Amino acid sequence: MTPIRAAVIGWPISHSRSPVIHSYWLHEYAISGSYERLAVPPERIREFLRSFERTGLKGANVTIPHKQVALSCCDSLDEAAEAIGAVNTLVFEDGRLSGSNTDGLGFLGSLDQNAPGWDAAGGAAVVLGAGGAARAIVWALKARGLNPIHVVNRTLSRAQDLAARFGAQAHGLDALPALLGEAAVLVNTTSQGMNGQSSMDIDLGLVRATCLVTDIVYVPLETEFLAAARARGLRTVDGLGMLLHQAVPGFELWFGVRPEVTGDLRATVLRDMGLAELAQ
Ligand code: ATR
């Protein structure tokens, strides 16, 4: 049998950790397949997707900046991709390209694994940011029944657009202090806290002791936001788990095995990120 091939498509693509994750699983489950990085520039992405058969790939992950274009080139979409408005996973079968979005499922998978029972009591969620990543997070929180969901963003109009899409509530940053005490879950989806950027000024003293605090940023692994939450004794989950868990459905669709996110996989990815000291 010809080995199954999958890939991650983006522009640029050299930073993607997806090959490390999928190659780890291919080795772990002794599957003779491959997973490549493919740099496809914006001016070529439509043609690439429309003639997907020529690539010989069984499927692909799609990353920045192609997630929206991918949505418009698919023959069918899953419910998450449709709701989120972006595709990060493609499967090619019987001449048809199917698109799904596994970012929200990845977020849920990570919280389920790293903070079991986190959603048992329901309650309010406060989401910081209203970009593409926030869409997947709001979709996921809604799917788990968190209610209300407050979207808080520097640019109010973007919060309003996102909130309208999911029946959430929109706020500017000035509303944050009043909302923090209500949060059962507090999620940072903004780029604030990535290497070289200062964290947003958030008074975590206003947050309930039972609140779960999580960040989708994973470089650095512990953002200032998470460090501050941990210092207050709050339960925290870093962003790496979401990256690992979002890869699970794609691997299963292409290679036929549902892979496990283990401590060893996490350590392998951390070593690839140059963080060997955290890989234990
Ligand atoms: P992504 O698709 O990765 O979510 P994005 O669409 O660029 O990226 O969204 C980035 C988010 O971080 C936005 O919510 C952005 O706020 P604006 O909508 O006001 O731009 C937020 N963000 C970026 N820099 C910020 C800063 N210095 N302070 C507060 N929010 C910031």
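Keep in mind that what you see is a predicted model, and the values were worked out from it rather than measured. Note that ligands are numbered from 1 as they come in the structure, with each ligand's atoms numbered from 1 the same way.
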Any side-chain donor near an acceptor of the partner, Asp103 and Asn88, under 3.5 Å: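 Short answer, yes.
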Under 3.5 Å, is there a donor-acceptor pair linking the side chains of Thr262 and Asp264? no
Protein contact for atom 8 (O) of ligand 1 (heavy atom, distance under 4.0 Å):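 Neighbour list for atom 8 (O) of ligand 1 is empty of protein heavy atoms (cut-off 4.0 Å).
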Shortest protein contact, [atom] (heavy atom only):
atom	answer
atom 23 (C) of ligand 1	Ser191 OG, 3.4 Å
atom 11 (C) of ligand 1	Thr190 CA, 4.0 Å
atom 29 (C) of ligand 1	Met200 SD, 3.7 Å
atom 5 (P) of ligand 1	Gly131 CA, 4.0 Å
atom 20 (O) of ligand 1	Arg154 NH2, 2.8 Å
atom 19 (O) of ligand 1	Thr155 OG1, 2.5 Å
atom 6 (O) of ligand 1	Arg158 NH2, 3.1 Å
atom 27 (N) of ligand 1	Gln192 NE2, 3.0 Å

With ILVMFWY side chains joined below 4.5 Å, transitively, what does Trp139's cluster contain besides itself? Ile84, Leu105, Phe107, Leu108, Leu111, Trp118, Val127, Ile137, Val138, Leu141, Leu146, Ile149, Val151, Leu162, Phe166, Val185, Val187, Leu212, Ile216, Val237, Met242
Would you call [X] and [Y] a side-chain contact if the rule is heavy atoms closer than 4.5 Å?
X	Y	value
Asp215	Gln192	no
Glu182	His150	yes
Leu244	Arg266	yes

Minimum heavy-atom separation for Val8 and Ser16, please, with both atom names. CG1-OG, 3.7 Å
Should Asp112 and Arg144 be marked as a salt bridge (Lys or Arg N to Asp or Glu O under 4.0 Å) after you check the CA-CA gap, both sets of side-chain angles, and the distance that decides it? CA-CA 11 Å; Asp112 289 344; Arg144 281 299 173 90; 2.7 Å; yes
Contact partition for Asn153 relative to ligand 1, non-hydrogen atoms under 4.0 Å: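 Only the side chain of Asn153 comes within reach of ligand 1.
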Determine whether a donor-acceptor pair (N or O, by modelled atom type, separation under 3.5 Å) exists between the side chain of Arg258 and the backbone of Val248. no
Is there a polar contact between ligand 1 and Ala133, counting only N or O atoms under 3.5 Å apart?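 Yes, since at least one N or O of Ala133 sits under 3.5 Å from an N or O of ligand 1.
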Using a 4.0 Å cutoff against the non-hydrogen atoms of Ala130, which atoms of ligand 1 qualify?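 Every atom of ligand 1 under 4.0 Å from some heavy atom of Ala130: 14 (O).
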Closest candidate by heavy atom, reference atom 1 (P) of ligand 1, pool Ala86, Gly129, Gly132: Gly132
